[in-house]
Amino acid sequence: MITTAKRLDTVEEYYFSSKLREVRQLMSEGKPIINMGIGSPDLSPSKAVIEAVAAAIQDENGHGYQSYQGLPEMRQAMADFYRDQFGVEVNPNNEILPLMGSKEGIMHISLAFLNEGDHVLIPNPGYPTYTSVTNLVQAVPVYYDLKEENGWEPDFEALDKLDLSKVKIMWLGYPHMPTGARGSFALFEKLVAFAKKHNILLINDNPYSFVLNDNPMSLLQVEGAKDVALELNSLSKTFNMAGWRVGMVLGNPEIIDAVLKVKSNMDSGMYYGIQKGAIAALKCDKSWFEDQNKIYRRRRELTEKLAEKLNCKVYKEGVGLFVWAKLPEGIQSSEKFIDEILYEKHIFITPGTIFGSNGEGYIRFSLCVKEEKVQEAIDRF
């Protein structure tokens, strides 16, 4: 019998991979499932994006291997986007690396900077992939608490009391997933100062800035941030291109070059047509964001009504693609709570526990559900 690598003992199958099999089984049995669990936009990219891809398919030079660093025009479009939206200047030649989705960037960065036994600061609650990738590269997850009473922001006094001597990387993501906490420029300044003080590589995962958020921010807006920080971003949520797998990592040339060394040994470039579509998306004007947010705002209002129907308390300050809500007093398990709703009302909601122990007592609703479906979910109660 062929045995698997020991590193696989440190991870489990991704929650949504296994849970959605269960959901699909219920659907195959004829159950009218409403999926409010996963953050995969159901809206379409702009017409300009589709037209750009359609034209690119006809280009006879567009079907071969592409540069590991992406088309120069795409890197320029990414640089222009950061300048126009965040006021951040980045050199498209050596401070931006396009990715096949920002999720792969988590692995590339970890492979580039972590040795066995290095420690990694991971938010609790936070994106589960930070932990799984850390385990896969045989580094050690060290969790830092994010709690509602602190606005879902780090407690710097508690952080400074940790043994940080082995910490190499600190993951964060504002606007925060799953809670929707916005963060602030003052928080980013504290984080950069913390990273400089302790010689830690700081990485902000920033795919939700333009969803229901009137003040998009980048960690790279902080003076001197490039000395110690990277930022991941993605076209998945902002431009409804989750399945296209287009992301980027931005930072100083030395750090970007280290990530490129890993990436160039992992893939053979992004398809030409997808890059052309990404360029068109990044050139969308202000009206694109306004139109998308009109839809998400109506969906959020309805989703909050659904949460309140369940006697949950909504985190009203949240932005992004999800609604985060606290369970009623006396409910002991968020996973048991959502399973009862799944099997009794045929509505799938994400339990907060998959994001860490501080997610217990909370649930997360996705806004990637049409209004009439959200209303139908409300009516089931």
Side-chain angles (χ1 to χ4, degrees), residues 10-27 29 31-39 122-132 134-135 141-155 158 171 173 176-181 300 302-318 320-369 374 376-381:
T10 68
V11 296
E12 297 178 355
E13 183 182 7
Y14 193 49
Y15 173 82
F16 285 115
S17 175
S18 57
K19 194 67 177 181
L20 288 178
R21 273 202 307 274
E22 184 181 338
V23 170
R24 284 192 295 271
Q25 177 61 34
L26 290 171
M27 293 173 73
E29 295 169 4
K31 303 295 191 296
I33 301 295
I34 298 175
N35 186 347
M36 302 189 74
I38 197 162
I122 296 173
N124 175 12
Y127 188 31
T129 298
Y130 305 144
T131 294
S132 57
T134 297
N135 286 326
V142 177
Y143 298 101
Y144 63 94
D145 289 328
L146 303 178
K147 295 187 176 180
E148 187 168 7
E149 56 263 34
N150 203 34
W152 303 107
E153 294 185 359
D155 180 338
W171 291 103
H176 183 244
M177 200 293 296
T179 68
R300 183 174 178 100
L302 279 173
T303 303
E304 288 183 358
K305 288 181 181 178
L306 173 59
E308 288 159 4
K309 201 84 157 163
L310 297 171
N311 297 315
C312 295
K313 183 181 178 183
V314 172
Y315 179 60
K316 296 279 189 178
E317 295 83 1
L321 211 53
F322 305 101
V323 170
W324 184 247
K326 190 171 187 175
L327 293 177
E329 290 290 333
I331 300 295
Q332 299 298 316
S333 168
S334 59
E335 292 193 28
K336 184 179 178 183
F337 183 83
I338 69 104
D339 274 344
E340 288 177 357
I341 293 171
L342 175 60
Y343 281 89
E344 293 175 12
K345 300 295 184 181
H346 305 131
I347 301 166
F348 174 46
I349 304 163
T350 303
T353 44
I354 74 165
F355 306 108
S357 60
N358 288 338
E360 181 60 276
Y362 296 85
I363 53 176
R364 191 196 74 174
F365 301 81
S366 169
L367 298 181
C368 302
V369 184
V374 183
E376 182 183 336
I378 293 171
D379 293 343
R380 290 184 187 182
F381 292 93

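The shown structure was predicted, so the numbers you read here are calculated from the model rather than taken from an experiment.
With sequence neighbours excluded, the residues that form a ring pair (Phe, Tyr, Trp, His ring centres under 6.0 Å) with Tyr127 are Tyr130.
A distance-only check finds a donor-acceptor pair linking the side chain of Thr350 to the backbone of Gly37 [under 3.5 Å].
Counting heavy atoms from C-beta outward, Tyr362 and Glu148 have side chains that approach closer than 4.5 Å. Annotation: side chain of Leu306 is in contact with side chain of Phe381 (closest heavy-atom distance under 4.5 Å). In this structure, Ile33 and Arg24 have side chains that are not in contact, with every pair of non-hydrogen atoms separated by 4.5 Å or more. With a 4.5 Å cut-off on side-chain heavy atoms, Ile34 and Val369 count as touching. In this structure, the side chains of Ile341 and Leu310 come closer than 4.5 Å at one or more pairs of heavy atoms. With a 4.5 Å cut-off on side-chain heavy atoms, Pro123 and Trp171 count as touching.
The two residues Asn358 and Lys147 have their closest heavy-atom pair at OD1-CE, 4.0 Å. Residues Ile347 and Ala377 share a closest heavy-atom pair of CD1-CB, 3.7 Å. For the pair Pro328 and Cys312, the tightest heavy-atom approach, listed with the atom from each and the gap, is CD-SG, 4.0 Å. Across all non-hydrogen atoms, the minimal contact from Arg364 to Ile349 is O-CG2, 3.2 Å. The heavy-atom pair separating Phe322 from Ile38 by the smallest distance is CE2-C, 4.5 Å. Of all the heavy atoms in Ile354 and Pro128, the pair that sits closest is O-CG, 3.3 Å.
Sorted pairs that involve residues 321-331 and meet side-chain hydrogen bond (donor to acceptor under 3.5 Å, both in side chains), not counting sequence neighbours, are lacking altogether.
In this structure, Asp339 pairs ionically with Lys19, as a charged nitrogen and a carboxylate oxygen lie closer than 4.0 Å. Ionic pairing of Lys316 and Glu304 is present here: one or more N-O contacts between side-chain nitrogen and carboxylate oxygen are shorter than 4.0 angstrom.
Side chain to side chain, Glu360 and Thr353 fail the donor-acceptor criterion of an N or O pair below 3.5 Å.
Below 30°, between 30° and 60°, or above 60°: for Trp152 and His176 the angle between ring planes is below 30°, a parallel geometry.
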**Request:** Please assess Ser357 against Tyr143 for the test side-chain hydrogen bond (donor to acceptor under 3.5 Å, both in side chains), listing each intermediate value before the final yes or no.
**Result:** CA-CA 10 Å; Ser357 60; Tyr143 298 101; over 6 Å; no
